[in-house]
Every structure is written in structure tokens, then in C-alpha cells.
Amino acid sequence: MNLENLIKENVVKAISELYEGTVAESAVQVQKTRKEFEGDVTVVVFPFLRTSRKSPEMTGEDLGKYLVERVDVVSDFNVVKGFLNLVINEAHWIGVLNDANANPEYGYTKVTEESPLAMIEYSSPNTNKPLHLGHIRNNLLGFSISEILKANGYKVVKTNIVNDRGIHICKSMVAWQKWGEGATPESTGKKGDHLVGDFYVKFDKEYKKEIAELMEQGMSKEEAEAEAPSIKDAREMLRKWEAKDPEVYELWRNMNQWVYDGFDVTYKKMGVDFDKIYYESDTYLVGKDEVMKGLDQGLFVKHEDGSVWADLESEGLDQKILLRSDGTSVYMTQDIGTAKLRFNDYSIDKMVYVVGNEQNYHFQVLSILLDKLGFKWGKDLYHFSYGMVELPQGKMKSREGTVVDADDLMQEMIDVARTTSQELGKLEGYTEEQAEATFEKIALGALKYFILKVDPRKNMLFNPEESIDFNGNTGPFIQYTYARIQSVLRKAKDAGIEVPEAAPVVTPSAKEIELLKNISRFPVAIADAGKDYSPAIIANYCYELVKEFNQFYHGHAMLKEENEEVRAFRLVLANCVGKVVENGMKLLGILVPERM
RNA sequence: GGUCCUGUAGCUCAGCUGGAUAGAGCAACAGCCUUCUAAGCUGUGGGUCCCAGGUUCGAGUCCUGGCAGGAUCACCA
């Protein structure tokens, strides 16, 4: 049993024995003792005064005496105002260390056959342009939350719904046909997603020009926007696509394939992956069917013009369109179709959608609709809603060219990592491949940590200069601590000093106990992160742990410690911190280097 | 206008279901490498926790009302 529950349980017992009263275990507050007081954990006694009918001080004294007497691990106590500070004995902390070391998956909950299945949808790109910084936040959050749910004992299926059809891709196709001159990724040496993105931009430029010309000829803005030749071509292209025109279909297949090949490179660099990919071109018709079925069941209504609507006014929402008057599907229809396919493919207990907060309303509606249509997870689907990424100069706008491209950003960070690392000259003896792999770990560690350490719900500011900083509360600082530990362990091995499986019982210093307390909090951090869907909790935990370790490192010799037991204890401790850091960072999708 | 989210140091962010004197990093300044990796450590300065009420032993945290910023309310996705 963990310490907190043990104490809670005994406080409840104490109150019933001392005062013949009852309090719920949940009413017992156990927290870390603040630095300025003596003790390890603190019980707040205020909630018990009504039962004890004594002053806070006396109640604290009563409980303290009881706990010291009855609970092995409690060795001493003191009472300050209404706070009962308990001193926990060394054996307990060393026990924490040995438990953590004995279990290679310390802090993780095992996944079994009976574990619930969570499906996480993330990434979900359009296929008309390359990934940018906004997608990076999405992908990192999606991947990390998948790892965190796994660590909390879920079977996890990572999924991606690729937005591969629609007017947006037709725009790129039209532009390619008109101005592409047969360009391919091979002929231009350009990454496929960037090539297709260039044509999307080209389309927009020409379209704008046409609008301006038409307006000069006296058209209104709305008219010009509808009548410009380019947009008409794109619409025509979409019609042909829906009619499965062979030529259009082949072009569509080709251009999408270029994009997928490009995305694969980006995903790989980013270190994210998927177990199952769905394509909108496969799901939109399924969605239509579901809506028609719902219509038959009387869940939806058909208007005179033929459009189909869901009336959600009884839920406090509006009317929502599900099929246009021409029978084509909208965004919501596709999401219903995708849900249907997933429902058939997996036995889903928890569905998580990692999608930006601009779609909060969409998911509120989707949840209700899926529930009406009989998906058991519809009602409590989780929209993992995250905030936007802003730049120091404001929002990113693709049309104004202020987007930060994902590939460029990662490459830039790798370049900076290389330069910094070479200046510090710590990778001597590494082959070029080993060194490059390390630069990449550091660069991506910096980027991922920078993004994941902030609360996902909040909009975040991405300052390129700060993100590339490797000092302070950063990914590389945490990686550095890991590398430091590995360096010591390597040297121990070289010197023939053994790191034992179990730590000998020594009297730890205050700083060592602080470290052990931090180690004991790892399982709690994982549980909290799972409950709140928050990689930030893991990031902050890792930071606190390594900060504590670095303080320990400066004040405590390991290899040079003469007392063999103390030396062994410290090596076990360092080894354990390294392991926890590695496993913690893994939950963020961040790799740790052996040297840096 | 309706709904939802956010507001903490100059800047970027923590602060667990309400608990003791609100914490980090960056930036500034001052120290620490002949000693296990200085991408580190130590110290100094820096706050009306947006404002006003309320709930109670106790509020950055909960409630109400403001203020400011953002999102959304399409036969766009």
C-alpha cells in the first residue's frame, strides 16, 4: 500500500478510536510537508476539530502520538498550528527505492486482456499542404497522451483520419494541371507534401488575381468569388471526382500519394506513428448511410429542400445540418461515418479526439449525435481540446506566409543542437551516425518538451529563440541529467564497482530523502496525467526530479565516496533516477541520450 | 448578442480534489570547474494571483457579478 493511503486509513482509525467519531478517508488530506518545516508528510487536522472537540494543536498531538505508536513507518511528529507533520523513517524511503528498482515498469499499470480499449484520434491532416507548427502540437499531444493512457493500463489504438477529399485537394489538382508542367517530387527533388502545398498556394494566388480582375469589371466581391474561372474549375473537378472520373481519380491518387510519402518522412522524424489509418474518402458515404438510417428512425428531419437536419434544441443547442440539399455530406456526416467504421473495427471503451479548441462545438454536437445513433462511447467521448500556437508576431496565417513549417523547424533545431554540441565538444569518440542521432534526440527533446510542458488547454506562445534554448526548464536539461547519470554508471563499471540490485540500508541525507520522495511520486504523476489527459504533468514531474538530482549531484560524491555502503546506495539511487527519467520522458515521446 | 475557454513576477509557465510565508525557468546582477559531464550548482532583486462581492477556521483555487483576451454559433472543413 502506498504511504498516503496507509496514513489516511490510520487517521480514520485514530479518529474513531480516540474520539468515537467517523470521518471518510477522502476527508483526510495528506500532503507534502513544506520545506520550512520538519517532517515528510503533513496531515491537515482542521477537518477533524468538529469530531475531536479539541484545539487544532491538541488534536494534532493526539493523532501524532497515535500514528507514531501504531504505524511502523511513522517515526516522529510535530504540530504547527493545525498541521500535523509526520516524519517517515528511512527504511520506508529505501523500500521505495528498492521497489522502484525491482520493477522495470515502475509506475506503469500493466495492460491485460481485460484492459479497456482507448482509441486516440490525432493528427488528421488535410492532404493539400505540408504539416506546420499547429500540427506539431497536435501530433505531440496525441502521441504522448496515447503513451500516458497505455501507462495507465489502457489498450491503445492510435488512429488518424486523413482528410483526403474535398475542395481543398481539388484546388491543388487544378493548379497542377494548369501550371504544373508535369512536375513530380522526383523531377523537382521536392518533398511531395511541399510540392502539392506549393500548388495550393499557387491556386490561391491566381484565384485572388481573377477575383480582382472580375471586380474591376464591375462584379461584386461575392459574385467574383463564385465566378472566378479557377474556383469553377475546382468545383468541376470535385464533381468529376465524386463521379469517379478515371482521369481525375488517377491524378487525385497520385497527388495524395506524394503527400503521404512526404508526411511519412515528417511523422518519422517527429517520432509519431499510427496503428490504424482511416481515409475520409472511405468514410463519407458510410456517414451518409448512417444519417439516412437515423432519418428513417425519426431521429432527424428532412426539410422541403431535401436537406437533413438534427434538432438539438432540447439539448440546448441549435439545429445542425447533416446532409446538404444536393445530398452531399458535410464535416459532421464524415465524422459519423468514421465513427461507424471504427465501431465495427474495434471494441472501443473510450474514444479520444485530439482536435483544436476551435472545434469544441462540433464535438459537443458529435457526442450527442453518436449517442442518438447508438454508439455506446458516444455520450462520453473525450474531445481532447487544445489551444492554438501563436508566434511572437501573432497568429500563424498560411496565406500570409507566417506559418512555421514542421520540417523546417525540426531541421533548424537539429542544426542548432549540432552547433551547440560541437562547441561543447562532448561527443568525441562517437561516429558521425552516433553523433547525428544524438543531435536529433536533443533537438526533438527541446521541441517536444517546450510544447508539452504547457497545459494543453491553453493557447501557447511559440518563441523560436526560447524553444531552441537548452538551459533551465527544457528537454535538453532533463536529457543532460540522464546522460550525466549514465556517465557515472559507465565509470563505475569501468572501475569494477558493482551497482547492487538492492540498496543497502544507510542513513540518507536530507537531499537523498528528497530524491526518494520524488521517485515515490512517479506513479502518482502518471495517474494524474492520465486522469487529466495532461502530458504537462509528466513534464513538470520530470523537471522537478532532475532538478533535485542535480542538487544532489553537486553535494554528494558517488564514485569517490569511500564508505562502500553509502557509495552503493548512491549508485542505486542514481540508477533509479535515470530509469524514472527515461520512462517519464518516454511518455512524452522524448528519447534520452547516453552521452551529450 | 448566446455559449465555452483563458487571465499568477518584465517575459514564458507551474501551483494536485480549497490548507502554512504563492513557486520555477528566461532576462539582470554576484559567486562556483587541477575533483563523477559547468547543457550544471549557489545567491540577490523582482507579485494588488485582472477587479468587486460572497461561501468558511482558511480562497490563486469554489460561487456570483464585472473587466480584458481568445474560440465558436455556415448547405467551410
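Bear in mind that the values here come from a model prediction, so they are computed numbers and not experimental data. Just so you know, these numbers use all the heavy atoms, side chains as well, and skip hydrogens, waters and symmetry mates. So you know, we letter chains A, B, ... as the sequences are listed, proteins then strands, and number each from 1.
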Ring pair (Phe, Tyr, Trp, His ring centres under 6.0 Å) pairs, two or more places apart, involving residues 445-473 of chain A: A/Phe450-A/Phe462

Checking all strands, does A/Thr42 fall into the base, sugar-phosphate, or nothing category for heavy-atom contacts under 4.0 angstrom? base

A/Arg484 side chain N/O closer than 4.0 Å to the phosphate oxygens (OP1, OP2) of B/A38? yes

Check: protein-nucleotides 26-35 of chain B nitrogen or oxygen pairs below 3.5 Å:
unit_1 : atom_1 : unit_2   : atom_2 : d
B/U35  : O2'    : A/Lys560 : NZ     : 2.5

Would A/Lys81 and A/Glu57 count as a salt bridge (Lys or Arg N to Asp or Glu O under 4.0 Å) here? Give the steps. CA-CA 6 Å; A/Lys81 292 197 268 180; A/Glu57 288 78 7; over 6 Å; no

N/O-N/O pairs, protein side and nucleotides 58-62 of chain B side, under 3.5 Å:
none

Using heavy atoms and a sub-4.0 Å distance, could you list which residues of residues 30-38 of chain A are near RNA chain B? By number, please. A/Gln31, A/Arg34, A/Phe37

What interatomic distance, in whole Å, is found between C1' of B/C4 and the corresponding atom of B/U56? 30 Å

Mind running a 4.0 Å heavy-atom check of residues 355-367 of chain A against RNA chain B and sending the residues that fall below it, in number order? A/Asn357, A/Glu358, A/Gln359, A/Tyr361

Looking at the side chain of A/Asn85, which of B/C36, B/U42, B/A20 is the nearest nucleotide? B/A20

With sugar-phosphate meaning primed atoms plus P, OP1 and OP2, does A/Asp318 contact a base, only sugar-phosphate, or nothing at under 4.0 Å between heavy atoms? sugar-phosphate

Using the C1' atom on both, measure B/A22 against B/G47 and round to a whole Å. 9 Å

Minimum heavy-atom distance A/Trp252-A/Asp164, with the two atoms named: NE1-O, 2.7 Å

Which listed nucleotide (B/U6, B/A20, B/G19) is nearest to the side chain of A/Arg457? B/U6

Taking B/A59 as the reference, what is the distance to B/G40 when you measure between their C1' atoms (whole Å, please)? 38 Å

Across every strand shown, the nucleotide meeting Watson-Crick or G-U wobble geometry with B/G1 (both distances under 3.5 Å) is B/C73

Paired with B/U35 by Watson-Crick or G-U wobble geometry, both distances under 3.5 Å: which nucleotide is it? none

When the C1' atoms of B/C62 and B/G19 are compared, how many Å lie between them, rounded to an integer? 14 Å

What residue pairs, at least two apart or across chains, pass salt bridge (Lys or Arg N to Asp or Glu O under 4.0 Å) with a residue in residues 477-488 of chain A? none

Centre-to-centre under 6.0 Å for A/Phe363 and A/Tyr353, is that the case here? yes

By the Watson-Crick or G-U definition, both distances under 3.5 Å, B/A24 is matched with B/U12

Only counting residues at least two apart or in another chain, list the ones meeting side-chain contact (heavy atoms from CB on, under 4.5 Å) with A/Thr419. A/Glu423

Where at least one partner belongs to residues 439-450 of chain A, residue pairs that pass salt bridge (Lys or Arg N to Asp or Glu O under 4.0 Å), sequence neighbours excluded: A/Lys269-A/Glu440

Please confirm whether the shortest side-chain N or O distance from A/Lys395 to OP1 or OP2 of B/G70 is below 4.0 Å. no

A/Tyr200 six-ring face occupied by A/Lys129 cation (under 6.0 Å, within 45°): yes

Applying ring-ring contact (aromatic ring centres under 6.0 Å, His included), name anything that partners A/Tyr553, two or more places apart in sequence or on another chain. none

Are the side chains of A/Pro125 and A/Asn160 in contact, using a 4.5 Å heavy-atom criterion? yes

Calculate the interatomic distance between A/Tyr331 atom OH and B/C73 atom C1'; express it in whole Å. 16 Å

OP1 or OP2 of B/G7 versus the side-chain N and O atoms of A/Lys458: is any pair under 4.0 Å? yes

Positive for side chain to side chain contact (heavy atoms under 4.5 Å, CB included) with A/Val546, one of A/Tyr541, A/Tyr482, A/Phe477: A/Phe477

For B/A68, what is the paired nucleotide under Watson-Crick or G-U wobble rules, both distances under 3.5 Å? B/U6

With A/Ala483, which residues qualify under side-chain contact (heavy atoms from CB on, under 4.5 Å), at least two apart? A/Met596

Strictly below 4.0 Å: does A/Lys547 bring a side-chain N or O up to OP1 or OP2 of B/G25? yes

Under the side chain to side chain donor-acceptor pair (under 3.5 Å) rule, collect the residues that match up with A/Glu412, sequence neighbours excluded. none

Does A/His556 reach the side chain of A/Glu561, with side-chain heavy atoms less than 4.5 Å apart? no

What's A/Met596 touching, base or sugar-phosphate or nothing? Going by heavy atoms closer than 4.0 Å. base

Whole-Å C1' distance, B/U6 and B/C50: 12 Å

Assuming nearest nucleotide by heavy-atom distance, tell me which of A/Ser26 and A/Arg50 is located more 5' along RNA chain B. A/Ser26

Interatomic distance at P, B/A27 relative to B/G23, whole Å: 22 Å

Taking pairing as Watson-Crick or G-U wobble with both contacts under 3.5 Å, can you name the mate of B/G43, or confirm there isn't one? B/C29

Nearest-Å distance once atom P is located in both B/G58 and B/G25: 34 Å

Ring pair (Phe, Tyr, Trp, His ring centres under 6.0 Å): pairs with one or both residues in residues 28-61 of chain A, sequence neighbours excluded: A/Phe46-A/Phe83

Specify the residue among A/Lys8 and A/Leu323 whose closest nucleotide of RNA chain B lies further upstream toward the 5′ end. A/Lys8

Against A/Leu587, only a single residue in A/Ile526, A/Leu452, A/Ile537 fulfils side chain to side chain contact (heavy atoms under 4.5 Å, CB included); can you say which? A/Ile526

Pairing of A/Asp40 and A/Lys517 as salt bridge, 4.0 angstrom limit: yes

Does B/C57 have OP1 or OP2 sitting under 4.0 Å from an N or O in the side chain of A/Lys81? no

Going by ring centres under 5.5 Å and near-parallel planes (under 30°), is A/Phe83 stacked on B/G19? no

Rounded distance in Å between the P positions of B/U8 and B/C49: 12 Å

May I ask you to say what A/Thr481 touches in the nucleic acid, namely base, sugar-phosphate or nothing, with a heavy-atom cut-off under 4.0 Å? nothing

To the nearest angstrom, how far is A/Glu315 atom CD from B/C73 atom P? 19 Å

